[in-house]
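Quick notes on the structure that follows.
Counting begins at 1 with the first residue of the sequence. Quantities reported herein were computed from a predicted structural model and do not represent experimental measurements.
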Amino acid sequence: MKKIRTIFKKSSALLLAAVMLISTNIAHVSAAEPSGVGKYIVPVLGLDSSAPFDAIKQAFSKAFGESAELEIKEDGTKELTVNLQHMVVNFGGEYHCNVLTVEGATVLSTKTEKFSQKFGDPTNVIDEEVPNVVKVRLPEANEKGGYPFTVTIDFMNAMFGKEYPTVVTLNLDLSNASEVIDYEALNQKIAELKGYEGSKYAEIGYAQLQNVITEAEQLVNHASSSAEVNEMIAKLDQAKEGLVDISELVNTIAECKELKSENYTEDSFSKFMEKLNEVENEKKEIRTTQDAQKLQKKLEDAKKELKYVGGDYSKVEAALKKIPKNSSNYTEKSWNALMDAKKAVEYGLGAKEQDKIDAYAKNIEDCIKALELKEADYTKVDEALKKVPEDMEKLYTEKSVKAVKDAVNAVVRDLKIDRQKDVDQMAKDIEAAVKKLEKKSEKPQKPENQNKPQKPDNQQKPQKPNNQQKPEEENGPLDKNNLKDGIYEVSVQLFHATNDQLSMAAKALVSPAKIIVKDGVKTMYIYTQPMTFGNITASLQEMRVFDLNGNYQNAAVQATNEGNPTCFSFQLPHTEEFIKVQVNPHVEMMGNQFLDARIKVNYQTLSKVSKDANDAKVNILQPSSGNPKTGDSTNIAMYVTILGLSLVAVGTLVYKRKFYKEK
C-alpha cells in the first residue's frame, strides 16, 4: 500500500511539472487562405501541446473542435467562431476540464459541463456553467503558420489556486476551407417578385421577370459563391425595374367593353370599337410607361368621339367619379350600400326615361354622403395609458406629474379613422410625458403639524370607537402597500432571472433586508457577503434595479469591507414578490459583465423593527441576525422550561446514585 502511494505521489509531481511546462508547437501549414469577403467553414487541425504526456496532448488538441467558422469582413479583419469542447485528461483516472476564457473573445452561448476541482481526486466532480460558442478576432499568424491565443482552463486554475493563463496556438487547414453561402436574401427576393400579379404589368417586362425568377430558383442551394448569389439578386432587381404598370389602361379597356352599342350611333360606335381593338393589340408591345400613357390617351380620345342617342347619363357618370378610391376607411355596411347603388344603374335607357336615369345618380350621391367612417384604432393609446405609474404624486415632482395628467386628459375617444394621426399623437404625448417623469428629492419633508400648537384636550373632537384592527396595530398583520413611517425587516433571496430557482450568486445575499419608510417613500437596504466559485472568491461590486419606467437604476453602495460593498440601497419600485435586478461581481472569467437576476421578497415575513424611521439604535448598514421576533414573554417561557428540565435531570441523577449506593 505504501509503495502504491509513493508511485502515485511521484506521478502527480510529474503531471504537475508537465502542466507547468505546457506550450504550443504547431507545424506550419502551407495553405491558400480564402481572401474574399464572406463566411467559410475551416477544418481545425488542433492544439498540439509540448507536454510530455500523451493524455494531456490528446485532451487539449480538440479543445477548439474539428472545424470553425471564419468570417472575412470588408475591412479585411477576420473573426473566428468556435464551439469549445469539453476535455477529459486520462491520467490515473478521468479529470474533467473546460476552457473558461479566450482572450478577446465574446461569449455567444454557455453550457453546463463537468469539472474536476481537485487534482489527485478524480471523483471530486461538480457541474459548472462554461462558454459554449465564442467569437474572437483572428490574430496574425506566427512564423510557423499558427495563430496564438491566451486561454484559461478551469482544471489548471484549480490546480494552481489562481487564474492560470496559457498561450496556445491554433492550426487551421485553410486550404480546405469551404465558403458558407447564405440564400436567405435570395429566397426573400424570389418570394416577393412571385407575388406580383401579371395582369397589372406589360406582357414583355413581366415575361422577362418570370424567366429570371426561374433562373434564380435553379440557383438556390447550387451557387458556387456568395458573389454569384448577390449577382442574381441584382439581376432580379433589374428585371423588377423593367416592369411597366398598365393597371389604369387595363381598367379603362374593361370599362369600354361594358359600353352598349344601342346607346350610341352605329357609325361612332363602330369607329370606337376599331380604336379599342387597336389598343388591345398594341398593349402586347408595351415596353415603357410612355407607351402605356399613349394608348391610354388614344382610348380616351376615341371615347369622346362616341355619339350618344339615349338618355343623358352625365349625372350618373359625375356621381360615379365621386366614389372614394379607398374602401378600407368605411364600414362594410355603408360601402356595400354604395356598391349596390352603382350596380343598380341600368344603361341604354332612352330620353323618355331620363327621370329614372337621374334617380340612379341621386341614389349614388346619397349613398356617398351616407358613407360611415370606421372608428379610429386606440390600441397605442391604451398601451401608453398602461405605462402611467400608479401613485405618481408620491414618487415624482408635481410639474412632471401634471404633464402626464394633461396628456392623459387630452385623450379624446370615439374619433373616426380619418383622425387616426391625431389618435396616434395622443399615445406619443402620453409616452413622452411618462419618460420625462422626474423623481422627487429624497430630502425628508417636515410634517405639516410640526411646531403648530396642539388644541387643549377639551377642544379636541372625541374619537369614535373602532373595533376593527388597523393594519399596523400591535400584533396585527402589516399591509405591505400601506406601511407607515418606520423601519421594517423582510426575508430576501437572490433568484435566477427566469427560472424559479436560486441564482448561482444566491449566497452573496444576506437575509433579512431592511425597508426604511420615510415620508411614505420606501427604501430597501440589501446586505451582501463574499461568495465562492471553486477557488475564486468574489463579492457583488455593482447592482442595478429595474424601475417602473422600464429602466435599470444603479443601487447606492452604503457600506464596504476592505473595498467590497456589504450594503446596497435603492428606492423600492413596487411591492410585488420579485424585483428584477442586474448584478456584477467583476469576475474576469465571467466577462466582467452585468448578470440578470431577481430578488425574491417574502412579504409574509415582514416585521416592524421600529416606529421611528431615524431610530439611531437600529444599524441600517448591517444585517440583523435574521431570527424572527417572538416577544419577551416567549423568551422568558423558553428559559423557564430549560431551567425546569435541568432541575429534573439533576434530581434524577442524585436519586440513581443514592439508590445504587444503598444496594
Side-chain angles (χ1 to χ4, degrees), residues 189-218 232-328 338-339 342-343 345-349 357 360-361 364:
K189 181 63 67 175
I190 292 172
E192 174 197 343
L193 298 180
K194 288 184 76 172
Y196 283 23
E197 294 181 17
S199 60
K200 291 178 60 178
Y201 303 99
E203 293 181 19
I204 295 175
Y206 189 76
Q208 290 175 345
L209 175 63
Q210 297 309 304
N211 291 335
V212 179
I213 289 175
T214 301
E215 186 181 348
E217 288 178 325
Q218 293 172 350
M232 180 55 69
I233 293 174
K235 192 172 182 180
L236 286 168
D237 285 333
Q238 186 177 3
K240 175 184 173 182
E241 291 175 2
L243 291 175
V244 178
D245 189 340
I246 60 169
S247 54
E248 185 179 359
L249 177 61
V250 170
N251 292 335
T252 304
I253 291 173
E255 291 173 1
C256 290
K257 286 184 176 182
E258 292 180 358
L259 298 177
K260 296 181 179 180
S261 59
E262 57 265 29
N263 294 327
Y264 307 94
T265 63
E266 183 177 351
D267 181 56
S268 67
F269 192 78
S270 177
K271 291 179 180 179
F272 173 75
M273 291 304 297
E274 288 178 6
K275 294 291 184 184
L276 178 59
N277 290 333
E278 288 176 8
V279 168
E280 285 199 281
N281 289 328
E282 293 173 8
K283 179 172 74 74
K284 299 176 183 179
E285 301 300 324
I286 292 177
R287 295 179 181 273
T288 66
T289 302
Q290 290 75 16
D291 292 342
Q293 290 173 346
K294 287 179 181 178
L295 292 182
Q296 176 75 19
K297 187 177 185 305
K298 184 176 183 179
L299 197 54
E300 289 175 352
D301 289 344
K303 193 176 179 181
K304 291 177 183 178
E305 297 298 322
L306 280 170
K307 295 180 180 179
Y308 192 67
V309 295
D312 183 4
Y313 281 82
S314 58
K315 292 182 179 179
V316 173
E317 291 176 358
L320 291 174
K321 289 180 180 179
K322 295 179 183 179
I323 295 177
K325 293 182 179 179
N326 190 357
S327 62
S328 61
L338 175 59
M339 292 299 101
K342 179 182 177 182
K343 293 176 184 177
V345 176
E346 183 182 356
Y347 289 94
L349 299 179
I357 296 172
Y360 291 143
I364 294 172

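Atom-to-atom distance recorded for Ile323:CD1 and Leu338:CG is 4.5 Å, nearest 0.5 angstrom. Glu215 CD to Ile190 CD1: the interatomic distance, rounded to the nearest 0.5 Å, is 10.5 Å. Distance check, rounded to the nearest 0.5 Å: CD of Glu241 to CG of Leu243 gives 9.5 Å. Between Leu320 atom CG and Lys315 atom NZ the span is 14.0 Å, to the nearest 0.5 Å. In this structure, Ile246 CD1 and Lys283 NZ are separated by 4.5 Å, a value rounded to the nearest 0.5 Å. Separation of atoms CG (Leu295) and CD1 (Ile286) is listed at 5.0 Å; rounding is to 0.5 Å.
Of all heavy-atom pairs spanning Lys240 and Leu209, the tightest one is N-CD1, 4.2 Å. Here the closest non-hydrogen pair linking Ala319 and Ala361 is CB-O, 3.8 Å. Between Glu305 and Ser268 the shortest heavy-atom distance is O-CB, 3.7 Å.
Using a 4.5 Å heavy-atom threshold, the side chains of Leu349 and Tyr313 count as touching. Looking at Lys297 and Asp301, their side chains come closer than 4.5 Å, going by heavy atoms from C-beta outward.
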*Could you please spell out the steps behind the side-chain contact (heavy atoms from CB on, under 4.5 Å) verdict for Leu306 and Leu259?*
CA-CA 10 Å; Leu306 280 170; Leu259 298 177; 3.8 Å; yes
_Working note: Lys294 + Glu282, criterion salt bridge (Lys or Arg N to Asp or Glu O under 4.0 Å); need CA distance, chi angles, decisive distance, verdict._
CA-CA 10 Å; Lys294 287 179 181 178; Glu282 293 173 8; over 6 Å; no
_Trace of the side-chain contact (heavy atoms from CB on, under 4.5 Å) decision for Val244 with Asp291_ = CA-CA 9 Å; Val244 178; Asp291 292 342; over 6 Å; no
_Audit row: Asp237, Lys189, side-chain contact (heavy atoms from CB on, under 4.5 Å) steps and yes/no_ = CA-CA 8 Å; Asp237 285 333; Lys189 181 63 67 175; 2.8 Å; yes
Return a table of donor-acceptor pairs under 3.5 angstrom between the side chains of residues 248-256 and protein atoms on other chains or two or more places apart.
unit_1, atom_1, unit_2, atom_2, d
Asn251, ND2, Ser247, O, 3.2
Thr252, OG1, Glu248, O, 2.9
Thr252, OG1, Gln296, OE1, 3.4
Thr252, OG1, Gln296, NE2, 2.9

Would you be so kind as to tabulate the donor-acceptor pairs closer than 3.5 Å made by side chains of residues 270-280, with sequence neighbours excluded?
unit_1, atom_1, unit_2, atom_2, d
Asn277, ND2, Met273, O, 3.2
Glu278, OE1, Lys298, NZ, 3.0
Glu280, OE2, Lys257, NZ, 2.8

Show me the side-chain donor-acceptor pairs of residues 196-207 shorter than 3.5 Å, one per line, residues at least two apart or across chains.
unit_1, atom_1, unit_2, atom_2, d
Tyr196, OH, Glu192, OE2, 3.4
Tyr206, OH, Tyr196, O, 3.1
Tyr206, OH, Gln210, NE2, 3.4

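Side-chain contact of Thr265 with Asp267: a donor-acceptor pair under 3.5 Å is absent, judged by distance alone.
Heavy-atom neighbours of Glu217 CD from other residues, nucleotides or ligands within 6.0 Å: above the threshold of 12.
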